[in-house]
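It should be emphasised that the depicted structure is a prediction, and the values quoted were computed from it without experimental measurement.
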Amino acid sequence: MRTDSTAGPMPTLSQAELIFEAQQRQARNFRRNVTLSWGILLLILLYLFSGQSFLGIETISLDFEFMRENASFIAGGIPQTLLVSLLSITLATVLALLTALGRLSSVPPLYALSTFYVSLIRGTPLYLQIFFFFLALPQLGIVLSGLFAGVLALGLNYGAYMSEIFRAGLGSVGKGQREAAIAIGMNPWQTMKRIVLPQALRFAIPPIGNDFIAMTKDSALVSATGFVHEVMWRATRVGRAQFHNLEALIIAAIFYWMMTIMLTYVQGIIEARLAKGDR
C-alpha cells in the first residue's frame, strides 16, 4: 500500500489499472510525437516556399501579396464546393441503396438494370460524364445548368461505386435475423425496414464518409463547365488573369486540405459513436 504524508494511505493500483495507465501514457506520447512531426513537416513545407537560399539551393519564391489579395475571392467558392458535394452525396446514397437492393433482387429485370447501371458508369470517366450531361444532352433538347449537370454526374458516378458498400452492408446481416423476423410475423418490407437497413446503414456510414471527402475534391471537376464558381474555378480564373497560377493553385490546395481535415475530424466523431455499439 502506498502512503502520502498529507492524505494518508493510498490504495495500491491493481495490475489491470497499471496496464491501463501505461497504455494511456503510451497513447499520449504517440499523439504528442505525431503532432511534433506534423509541425516539423509543415515548417519544412513553408520553408520550401519561402524564397530563401540555403547552401546554394534556392527555394520557391511566391508572390505573397497576390495571395493575400486574392485568398478571400478564392475562399468565396467554398460554400459552392460544399453545396455540390452535399447534393451529390445525397443523390449517390439514394442511388447506391436502390442499386444494392436491385443487385440482391431475384427479379431479373431489376438485377439487370442495376448491374447495367454499375457497369456503364464505372466503365466511363467522371470527367466524360460531366461533359455528357452538360454538353451532349442539349443536342437532344435537354439543357442542364452547370450545377445540376455536375451534381447529376457526381451522384451517378459515386452511386455506382457506393452500391458495393451497401450490398456488403445488406449482406452482412445474418440470415438468421431475417428468419427470426419472418417467424414473429414481419413481412419482407418490415424486415428490411426494421432489421436489415438499420444494421446495413451502420456498416455503410464510415465508407460513405470517405466517399464524401473524396467527392469534395472531385467536385473541382465541375469547374470545367465554367458555370459553377467553386474553389477551383475561382483559383484558375484569378491565376490566369494575373499570371500567378502557382500561387492561386496553392491557395486552392490549402482550402481543399482544410476542408478535408475538418470533414475527416467529423467522420472520426461519427465513427467513434458508431463503435460504441460494438463494446
Considering all heavy atoms, the nearest Asn245-Gly239 contact: OD1-C, 3.3 Å
Other residues, nucleotides, ligands: >12 heavy atoms within 6.0 Å of Phe148 CZ: no
Nearest heavy atoms of Met162 and Ala92, plus distance in Å: SD-CB, 3.9 Å
Side chain proximity check, Leu36 to Arg32, heavy atoms < 4.5 angstrom: no
Note, Asp211 side chain near Tyr161 side chain (heavy atom, < 4.5 Å): no
Inter- and intrachain pairs under ring pair (Phe, Tyr, Trp, His ring centres under 6.0 Å), touching residues 88-144, at least two apart: Tyr127-Phe131, Phe134-Phe227
Considering all heavy atoms, the nearest Ala96-Phe166 contact: CB-CD1, 3.5 Å
Heavy-atom check, side chain of Leu83 versus side chain of Leu86, under 4.5 Å: no
Minimum heavy-atom distance Ala204-Pro207, with the two atoms named: O-CD, 3.0 Å
In one Ile/Leu/Val/Met/Phe/Trp/Tyr side-chain cluster, 4.5 Å: Val151, Phe212: yes
In one Ile/Leu/Val/Met/Phe/Trp/Tyr side-chain cluster, 4.5 Å: Leu147, Leu221: yes
Hydrophobic cluster identity match, Ile121 and Leu113, side-chain contacts under 4.5 Å: no
Under 3.5 Å: donor-acceptor pair, side chain of Ser50, backbone of Tyr47: yes
Pairs flagged by ring pair (Phe, Tyr, Trp, His ring centres under 6.0 Å) wherever residues 237-266 is involved - sequence neighbours left out: Phe66-His244
Atom CD of Glu58 with >12 non-hydrogen neighbours under 6.0 angstrom: yes
Set of salt bridge (charged side-chain N to carboxylate O under 4.0 Å, His left out) partners for Arg103, sequence neighbours left out: Glu164
CA sep, side-chain torsions, deciding dist, call: Thr260, Thr216, side chain to side chain contact (heavy atoms under 4.5 Å, CB included): CA-CA 8 Å; Thr260 299; Thr216 302; 5.7 Å; no
Leu42 with Ile251, same ILVMFWY side-chain cluster at under 4.5 Å: no
Close side-chain approach of Val266 and Ile270, heavy atoms under 4.5 Å: yes
Gln80 side-chain N/O to Val228 backbone N/O, donor-acceptor pair under 3.5 Å: no
Within one Ile-Leu-Val-Met-Phe-Trp-Tyr cluster: Leu246 and Ile74, side-chain cutoff 4.5 Å: yes
Least distance between heavy atoms, Ala235 atom then Ala252 atom: CB-CB, 3.7 Å
Any donor-acceptor N/O pair, Thr59 side chain to Gly51 backbone, under 3.5 Å: yes
Interatomic spacing from CE in Met262 to CG in Leu82 - rounded to 0.5 Å: 7.5 Å
Glu230 side-chain N/O to Trp233 backbone N/O, donor-acceptor pair under 3.5 Å: yes
Gap between atom CD of Glu65 and atom CG of Asn70 - 0.5 Å precision: 9.5 Å
Nearest-0.5 Å distance, CG of residue Asn210 to CD1 of residue Ile165: 8.0 Å
Atom pair CG (Leu152) and CG (Asn157), whose distance is rounded to the nearest 0.5 Å: 11.0 Å
Check: Thr236 and Met232 side chains under 4.5 Å, non-hydrogen atoms: yes
Under 3.5 Å: donor-acceptor pair, side chain of Ser85, backbone of Thr81: yes
Side chain Gln129, main chain Leu154, donor-acceptor under 3.5 Å: no
Over all atoms of both residues, closest heavy-atom pair of Pro79 and Ala75: CD-O, 3.9 Å
Heavy-atom side-chain contact between Arg234 and Arg237 under 4.5 Å: no
Spacing of Ile130 atom CD1 and Ser219 atom OG [to the nearest 0.5 Å]: 9.0 Å
Glu69 side, atom CD; Asp63 side, atom CG - distance, nearest 0.5 Å: 8.0 Å
